[in-house]
Amino acid sequence: MSTAVQENRNSVRPPESSEPEKTVVRHWRTAIIFTVLALVTLLVCAISAADDTVVFRLSETRDTIRLGDVALGSRVTGWVLAVVAICMAAVAWTAGSKGRKVPWWCTAVFWAAFVIAMLVWAVSHADSNSLSLPGLLGGSLTLAVPLIFGSMSGLLCERSGVVNIAIEGQLLFGAFSAAVAGSVSHNAWVGLLAAMLGAVLVSLVLAVFSIKYLVNQVIVGVVVNVLVSGLTGFLYSTVLSRSNVGLNAPDHLPDYAVPVLSKIPVIGPVLFDQSVIVYLMYGVVFLIWYCLTRTRWGLRTRAVGEHPKAADTLGVNVNRLRFWNVLVAGAVAGMGGAFFTLVSVSSFNKDMTAGQGYIALAALIFGRWRPFGALFAALLFGFATNLQSVLSLLGTTVPSQFLAMLPYLVTIAAVTGLVGRSRGPAASGVPYVKE
């Protein structure tokens, strides 16, 4: 009897699940990158490092609160940071073997160790083994300002579904407009407003052809850049460089030192003793972040960039929103263009933006189409550019050709996904035609 009951139970037992077991997806790219760079740090900054002392100055002579200098042995520092980098690479291998992403703290510690090790090594090979950190950081922020404005312009466009290759043209025409208007009016604020309006005109061309006439957005952006470069170059050669009435001598925007905050050691003079356009940059980044993530406009903008058809069914006028966002993006880029002629130098020069618009686009990709991500990416590019100049002035033995390549190597690493995969808005670059 018990045998019959057992057989009956076996006959009604549910079949085993035929679903395949979930395979663990292992992520090895970050671990491989960390390992290679850790070995480079070990070989260059530790084993073959010179036994010198590197001095980092934390304060300038004009600072109210002065901190003492920091002296580091180049070889000892290289060994310590190489060990740290190797440990972080081991953490990356462990996370990759378990199918997990590398922890953010591991990535932050690794890159901090790598950058500091390379900086100590480069300064140790210079004629002057002393480096001012406030000067290095302040110059990096200054060089990053147009990149930040340009990346914010690209962010507004691409979040709306429009690829903005024309950032270079917007920056260049903004710089030209600021120089002319500021010189004629003898007022830097008028020059800033003219820069914004000039860049809006460039954005208008991009919006009309890419949104209304459905022309390929990348092609339109490239053509606009070439057009602006040729137009400003022609006007510079025929009007500005031959003018006797002062069409290319604008006033500078004023500098402001924020009370109390500007006295903070190291970061105070860097962040809070700057030109007014730097403070405008702080406000623009925060405002874009807040509006994109906390307002109805931001929700609609993100919907238009990801799934315009779904947004259309909910009553959003897709092309009108895209059109206005592109114009606003032009105004943002215009402020970055004004930086060149109202802050950096005192006159407009032919093609003075020198490809900064394309680097701003790379910062946008590096920052994963997020306001603060693009901000920190632009700061990284500014740091790389300023480091090249600082090391050249210090007389380092590092080949000047390598230093000149440094900002562009960082750019290539960003756009090729070497530091992580980036996915832009799904509808970016795809024209929308209402059915």
Side-chain angles (χ1 to χ4, degrees), residues 146-177 195-237 305 319 322-323 325-337 340 348-367 369 374 377-378 381 407-408 410-417 422-433:
L147 300 180
I148 294 171
F149 279 115
S151 62
M152 293 301 110
S153 173
L155 177 70
L156 289 173
C157 288
E158 299 213 13
R159 281 289 192 174
S160 305
V162 178
V163 176
N164 188 5
I165 303 295
I167 300 174
E168 177 76 7
Q170 293 168 343
L171 293 176
L172 186 60
F173 201 71
F176 175 83
S177 302
M196 297 171 65
L197 293 176
V200 167
L201 291 178
V202 177
S203 291
L204 181 63
V205 177
L206 173 66
V208 168
F209 281 96
S210 62
I211 298 174
K212 182 176 178 59
Y213 295 107
L214 307 181
V215 181
N216 185 283
Q217 297 171 7
V218 175
I219 295 177
V220 173
V222 173
V223 171
V224 166
N225 289 338
V226 176
L227 173 64
V228 172
S229 176
L231 178 62
T232 55
F234 170 76
L235 293 176
Y236 171 77
S237 301
N319 286 332
R322 285 183 172 182
F323 199 96
N325 284 356
V326 172
L327 297 186
V328 173
V332 172
M335 288 187 277
F340 290 98
F348 177 83
N349 294 308
K350 184 178 179 180
D351 291 329
M352 66 184 308
T353 52
Q356 296 290 293
Y358 299 107
I359 298 180
L361 187 62
L364 173 63
I365 299 172
F366 194 10
W369 288 268
F381 294 146
Y408 303 100
V410 176
T411 305
I412 292 173
V415 298
T416 56
S422 298
R423 187 192 70 83
S428 181
V430 181
Y432 180 71
V433 181

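Values reported hereafter were calculated over all heavy atoms of this structure, with side chains retained and with hydrogens, waters and symmetry mates removed. Keep in mind the model is a prediction, meaning the values are calculated, not measured.
Taking all atoms of both residues into account, the shortest heavy-atom contact from P146 to G336 is CB-O, 3.9 Å. Across every non-hydrogen atom of S229 and D351, the tightest pair is OG-OD1, 2.7 Å. Taking every heavy atom of both residues into account, P431 and S210 meet most closely at CB-O, 4.5 Å. Shown here for Y236 and F348, the closest heavy-atom pair between the two residues is CE1-O, 3.1 Å. Taking both residues in full, the closest heavy atoms of Q170 and A199 are given as O-CB, 3.7 Å, listed atom of the first, atom of the second, then distance. Between V163 and S428, the shortest heavy-atom distance links the atoms CG2-OG, 3.4 Å.
How far CZ of F149 is from CE of M196: 9.0 Å, rounded to the nearest 0.5 Å. Between the CZ atom in F173 and the CD atom in E168 there is a gap of 14.0 Å [rounded to 0.5 Å]. With rounding to the nearest 0.5 Å, the separation of CH2 in W369 from CD in E158 is 6.5 Å. L147 CG to L364 CG: the interatomic distance, rounded to the nearest 0.5 Å, is 12.0 Å. Here the straight-line distance linking atom CG of N325 with atom OG of S203 works out to 11.0 Å at 0.5 Å rounding. Separating the CE atom in M152 from the CE atom in M335 is a distance of 11.0 Å, to the nearest 0.5 Å.
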Go through the steps to decide whether F323 and N319 satisfy the test side-chain contact (heavy atoms from CB on, under 4.5 Å), and finish with yes or no. CA-CA 6 Å; F323 199 96; N319 286 332; over 6 Å; no
Between S153 and N164, does the side-chain contact (heavy atoms from CB on, under 4.5 Å) criterion hold? Intermediate values first, please. CA-CA 8 Å; S153 173; N164 188 5; 3.2 Å; yes
Determine, step by step, whether M352 and L171 satisfy the side-chain contact (heavy atoms from CB on, under 4.5 Å) criterion, reporting the C-alpha distance in whole Å, the side-chain angles of both residues, the deciding distance to 0.1 Å, and the verdict. CA-CA 10 Å; M352 66 184 308; L171 293 176; over 6 Å; no
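Within the 3.5 Å criterion, the main-chain N or O of I211 finds no donor-acceptor partner in the side chain of R322. One N or O on the side chain of S151 and one on the backbone of I148 form a donor-acceptor pair closer than 3.5 Å. Between the side chain of N225 and the backbone N or O of G169 there is at least one donor-acceptor pair closer than 3.5 Å.
For the pair F209 and Q217, the minimum side-chain heavy-atom distance is 4.5 Å or more. Residues I167 and Y358 fail the side-chain proximity criterion, which asks for heavy atoms closer than 4.5 Å.
A side chain to side chain contact (heavy atoms under 4.5 Å, CB included) with T353 holds for exactly one of V228, T232, I359, L172; it is L172.
Under a cut-off of 6.0 angstrom, the local environment of OH in Y432 is crowded, with over 12 non-hydrogen atoms contributed by other residues, nucleotides or ligands.
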